[in-house]
Visitor: 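One structure, as structure tokens, below. Some questions next.
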Number of protein chains: 2
Amino acid sequence: MTLSEENYLKAIFNLEEQTPKGVPTNAIAELMETKASSATDMVKRLAEKELLQYKPYQGTRLTKKGKNHAVKVIRKHRLWETFLVENLNFSWDEVHVVAEQLEHIQSEKLIHQLDKFLGYPKTDPHGDPIPDEDGNMETIEKKVLAELQQNDEGICVGVDDSSSAFLKYLDKLNISLGNKIKVIEKEAFDNSMVIQVDENTLSISSLASKNIYIRKTS
Amino acid sequence: MTLSEENYLKAIFNLEEQTPKGVPTNAIAELMETKASSATDMVKRLAEKELLQYKPYQGTRLTKKGKNHAVKVIRKHRLWETFLVENLNFSWDEVHVVAEQLEHIQSEKLIHQLDKFLGYPKTDPHGDPIPDEDGNMETIEKKVLAELQQNDEGICVGVDDSSSAFLKYLDKLNISLGNKIKVIEKEAFDNSMVIQVDENTLSISSLASKNIYIRKTS
DNA sequence: ACAAATTTTTAGTTTTGTCTAAAAATTATA
DNA sequence: TATAATTTTTAGACAAAACTAAAAATTTGT
Ligand SMILES: [Mn+2]
Ligand SMILES: [Mn+2]
Ligand SMILES: [Mn+2]
Ligand SMILES: [Mn+2]
């Protein structure tokens, strides 16, 4: 399994959650920041290896084998992110790029021992669940902040967009995992929101509110 | 700088210590476990990038730039080996293969923080010196065990062969870094030796004794 | 239903890194 | 110093992974 194949598998796995019928080639190409023709080539290679089912023009679906492998890569990614934040003084907006490399290191023992070293963490620095050795992961009960109504409140438990730009923006607003967030006002015109984060009151755009996950408490 | 280029650079760097005139293509190919034609191709590419000097049939020598890069890869390799042994319960014969992968991860911050996390170690689990951020490393004063005379004694400070097979053999003999070793007898016929390791007396072959480094104390 | 727009695939190149087989250069030997 | 042995390079192929341009299939709009 090459590095590139693993990255495609992971991308397709993530796309399948929103598109369970069959992932379109263009969606893969877009997420991988490559051209559709390249995605077609790769999808054929992965089909050859029975990691996914592929019928021309019909999109693709991962096989059990493909899903298993994708989850293993995701497990490694999230364990490494956790290590970087917990032990090497990285901030949550810096870890993704490095974990993109580390997730491809091949060693069963390494990842088993890393998990143990970290104390078998359940979630990564972005609130995403870490699969265990058998590929099982907790489903984190969460809602997108944008869907909450006035006076709803909850705890920030994750982000949809793990890009450095967005995470740095959240840092600037002093929003991080575990914060109590309450919707003070929803603006119908542009879907922006006024929210209270712990003690602080501030306004955020519709786009930002769609990328924040909340576990409701009321 | 690709993974393969880095591996070649490291190989050439190691060969240069024994062959300061110019490293033969065949020596590179042998160490890289590849064919001479592949080595020629790679050497040309590295010359193109000014990482080494190459004249057909004359062998190669790393440039300053090439040496700098090789030392950086070696620094990463040895820091990762140290991490695996110190924190992830790896034994010294298991770390090399994994470090071969980890040494190619690109992140200045990662390696700087890892060094700090480990407490700025000076040597790796095999006794090899770890270069600092500027590429400087301690020269460890050492002699090959095979060169010692009867009644000479010293401390085991390293191994020349870091293969799993050899290190496991040393484990079986209860020889590890820091052990006091004394030459009881040298057998002229086959150059084998009877040595005393701390309390234990045992016999080792010529080949084994050529792969153990000692810092003499008498 | 048919033309237009969009999506997807195919065909042909490119780069990296490998290989085999053959040619050329160097070194060893008689 | 010729000849033989060895080392090294060249030539030609191949696989992985990307690209551009063009063709084919599907979907959309009227
Ligand atoms: Mn990756
Ligand atoms: Mn994450
Ligand atoms: Mn390596
Ligand atoms: Mn080592």
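To find a chain, count down the sequence lines: A is the first, B the second, and so on, and within it residues start at 1.
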Visitor: Crowded around A:Lys122 NZ? As in, over 12 foreign heavy atoms under 6.0 Å?
Guide: no
Visitor: Residues of residues 2-10 of chain A with any non-hydrogen atom less than 4.0 angstrom from an atom of DNA chain C: list those, numerically ordered, please.
Guide: none
Visitor: Could you check whether atom NZ of B:Lys65 has more than 12 heavy atoms from other residues, nucleotides or ligands sitting under 6.0 Å from it?
Guide: yes
Visitor: Contact between B:Ile212 and B:Val144 at the side-chain level, heavy atoms closer than 4.5 Å - yes or no?
Guide: no
Visitor: Between A:Thr60 and A:Leu46, is the side-chain contact (heavy atoms from CB on, under 4.5 Å) condition met? List the steps.
Guide: CA-CA 10 Å; A:Thr60 58; A:Leu46 294 173; over 6 Å; no
Visitor: First and last nucleotide of DNA chain D in contact with chain B, 5' to 3', at under 4.0 Å to a heavy atom: what are they?
Guide: D:dT7 to D:dT10
Visitor: Sequence neighbours excluded, which residues qualify as salt bridge (Lys or Arg N to Asp or Glu O under 4.0 Å) partners of A:Lys186?
Guide: none
Visitor: May I ask you to establish whether B:Lys143 and B:Tyr213 are in a cation-pi arrangement, using a distance under 6.0 Å from NZ or CZ to the six-membered ring centre and at most 45° from the ring axis?
Guide: no
Visitor: Search all heavy atoms of B:Trp92 against all heavy atoms of B:Leu167 and return the closest pair with its distance.
Guide: O-CD1, 3.2 Å
Visitor: Using a cut-off of 6.0 Å, state whether more than 12 heavy atoms not belonging to B:Glu100 lie near its atom CD.
Guide: yes
Visitor: Are the charged groups of A:Lys49 and A:Glu5 less than 4.0 angstrom apart, N to O?
Guide: yes
Visitor: Taking NZ, NE, NH1 and NH2 as the nitrogens, is one of them in B:Lys210 or B:Asp160 under 4.0 Å from a carboxylate oxygen of the other?
Guide: no
Visitor: I want to check something: taking the side chain as every heavy atom from C-beta on, are B:Val194 and B:Val183 in contact at a cut-off of under 4.5 Å?
Guide: no
Visitor: Got a sec? Which of residues 22-34 of chain B come in under 4.0 Å of DNA chain D, heavy atoms?
Guide: B:Pro24, B:Thr25, B:Asn26
Visitor: Can you check whether B:Met1 reaches B:Leu9 side chain to side chain, under 4.5 Å on heavy atoms?
Guide: yes
Visitor: Determine, for A:Tyr54 and A:Lys44, whether the Lys NZ or Arg CZ falls below 6.0 Å from the six-membered ring centre while staying within 45 degrees of the axis.
Guide: no
Visitor: Quick one, which residues of residues 65-74 of chain B touch DNA chain C with a heavy atom under 4.0 Å?
Guide: none
Visitor: Looking only at heavy atoms, which two atoms of B:Arg78 and B:Pro129 are closest? And how far apart?
Guide: NH1-O, 2.7 Å
Visitor: Run the salt-bridge test on A:Glu103 and A:Lys10 with the 4.0 Å N-O cut-off and return the result as yes or no.
Guide: yes
Visitor: Residues of residues 36-49 of chain B with any non-hydrogen atom less than 4.0 angstrom from an atom of DNA chain C: list those, numerically ordered, please.
Guide: B:Ser37, B:Ser38, B:Asp41, B:Met42, B:Arg45
